[in-house]
Protein chains: 2
Amino acid sequence: MANALLEKDKAAATDFLLPSETGAELTAKAAQIVEAARGLFTEHGFAAVSMDQIAKSAGVSKATVYAYFDSKEQLFVAIVSRACRTYAETVMPEVRDAPDIRAALTRIGHAVASFLLAPRTMAIYRIIVAEGPRFPDLARGWYESGPRAFKRLLTSFLVEAIEKGQLKIENPRLAAELFCGMVRGPLYMQVLLNTPDPESPDAETVVNGAVEMFLRSFGVPGARS
Amino acid sequence: MANALLEKDKAAATDFLLPSETGAELTAKAAQIVEAARGLFTEHGFAAVSMDQIAKSAGVSKATVYAYFDSKEQLFVAIVSRACRTYAETVMPEVRDAPDIRAALTRIGHAVASFLLAPRTMAIYRIIVAEGPRFPDLARGWYESGPRAFKRLLTSFLVEAIEKGQLKIENPRLAAELFCGMVRGPLYMQVLLNTPDPESPDAETVVNGAVEMFLRSFGVPGARS
DNA sequence: GTCTATACAACGATAGAC
DNA sequence: GTCTATCGTTGTATAGAC
């Protein structure tokens, strides 16, 4: 059951394709350029990196870069597309059956926290936020492929748990949103801005706290939790 | 009691001053330039706006802009400083006594949601995120003046409520973090990326849901909630 | 302090040989 | 496809007159 829902939503998630994903896989040299650009954008931001630097870092000439990508913008789109694919392949599968609802939520929580807080993910997100106004379609595509697809999937998971009698929730979508907010919120901004706060709880504490709070609100006393 | 804590933490919050706040107030013309720059940065981002545009929008020559601000970067710092001051004056005072704990949390939740989601706030945050790597001190200053100060204040509020017997919480700081995450998380990303999601609950629903969840976990049955 | 005009550097993108 | 060399533009920042 869970797998059926999973497959359905996973299909829905990848149904939306970012521009450069519609084509075939990148060639080796294109991938090499994309990887170099990703590293530089990650470190210095989009505007601060020149095509000369990218070419040099990738070990090719600038003309070669332009042979594969029409513009700096399009190169950026390719980077984001790759990140979306990784996201779909990494976090999505974590939402499936587990021994009990507590274990499942904990697992999901850790998957979300660890993936979202990974430097690579944050770097991409930072650039999307930064350049969002200039790339509205890209921002939308990323949101659809990533956060929105995941929230739908998590909502399906909760609905299923409700039907099994493991949870009691009036508004599953709201519950999914709140859970995501709890897991992500406390550490997200610190990582995003690179401003660690020693007073903040660590990821483990946050996930456990979120699961605990979630179950106290929505857990069914009788059910194994 | 609450006011004593409030005053103390408010002082602590403004104790940290961003560079340009250490000096006196801006002159009228400087403020005029800052305001023009803020509007342009808000709309187009930092890198995409030239000093020529700023000068034109402010109705002065470029040389005049440079007479007041040494560089584009410093002009940006001035903008953020202003935003921090507004934050301290707007959200912080919301954390104080209310008829009961539920009303207090709801009020805080709405204040956080409405301020954080305001276009002006989001625009500043977007730029901070975008240019964070290039302005590490600025990002840190903003975090200290804003989110961190608020979380401390909220934690103090919770501790006080615990002492009054209105709440029962083991880790108040964690609870404050989770509450902020719930209130902010669901809508934050959508506004930040300008990708509205019709499936998402609205702000009212989110705040009420968060308060409900918080009280179910930490509320004291006997106390008036 | 404020303006006009300009110096100087850097960037994105391309032309043309191989 | 890949390179070297370069074009045209744009941007930050400043010089000098008032």
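Treat the numbers as computed from the prediction; the structure is a model and nothing was measured. Throughout, protein chains are lettered first and strands after them, A, B, ... in sequence-line order, and every chain is numbered starting at 1. Heavy-atom basis, side chains included; hydrogens, waters and symmetry copies ignored.
- With sequence neighbours left out, A/Thr155 forms a side-chain hydrogen bond (donor to acceptor under 3.5 Å, both in side chains) with no residue at all.
- When the C1' atoms of four end pairs are superposed on the next four at each end of the helix from C/dG1-D/dC18 to C/dC18-D/dG1, using five pairs per end, the two resulting axes differ in direction by 10°, to 10°.
- In this view, B/Glu35 and B/Arg38, B/Arg82, B/Arg120 satisfy the salt bridge (charged side-chain N to carboxylate O under 4.0 Å, His left out) rule, not counting sequence neighbours.
- Listed by chain and number, the residues in a side-chain hydrogen bond (donor to acceptor under 3.5 Å, both in side chains) with B/Gln53 are B/Ser50 (sequence neighbours excluded).
- Partner B/Asp197 forms a salt bridge (charged side-chain N to carboxylate O under 4.0 Å, His left out) with one of A/Arg173, A/Lys151, A/Arg152 and no other, that one being A/Arg173.
- Residues satisfying the salt bridge (charged side-chain N to carboxylate O under 4.0 Å, His left out) criterion with A/Lys72, sequence neighbours excluded, are absent altogether.
- The side chain to side chain contact (heavy atoms under 4.5 Å, CB included) search around B/Ser114 returns none, not counting sequence neighbours.
- Contact check of residues 30-52 of chain A against DNA chain C (heavy atom, cut-off under 4.0 Å) returns A/Val49, A/Ser50, A/Met51.
- For A/Arg140 and A/Tyr143, the positive end is not near the middle of the six-membered ring at less than 6.0 Å and at most 45° from its axis.
- With sequence neighbours excluded, the residues forming a ring-ring contact (aromatic ring centres under 6.0 Å, His included) with A/Phe41 are A/Phe46, listed by chain and number.
- In this structure, the ring of B/Phe115 has its center no less than 6.0 angstrom from the ring center of B/Phe150.
- Here salt bridge (charged side-chain N to carboxylate O under 4.0 Å, His left out) pairs that include residues 52-64 of chain A, with residues two or more places apart or in two chains, are A/Asp52-A/Lys62.
- Annotation: A/Glu73, atom CD; neighbour count of heavy atoms from other residues, nucleotides and ligands within 6.0 Å is above 12.
- Chain B approaches DNA chain C within less than 4.0 angstrom (heavy atoms of the protein), and the contacting nucleotides run 5' to 3' from C/dT2 to C/dT4.
- Within residues 56-68 of chain A, the residues that have a heavy atom under 4.0 Å from DNA chain C are, in order of number, A/Lys62, A/Ala63, A/Tyr66.
- A/Asn171 meets the side-chain hydrogen bond (donor to acceptor under 3.5 Å, both in side chains) test with no other residue; sequence neighbours excluded.
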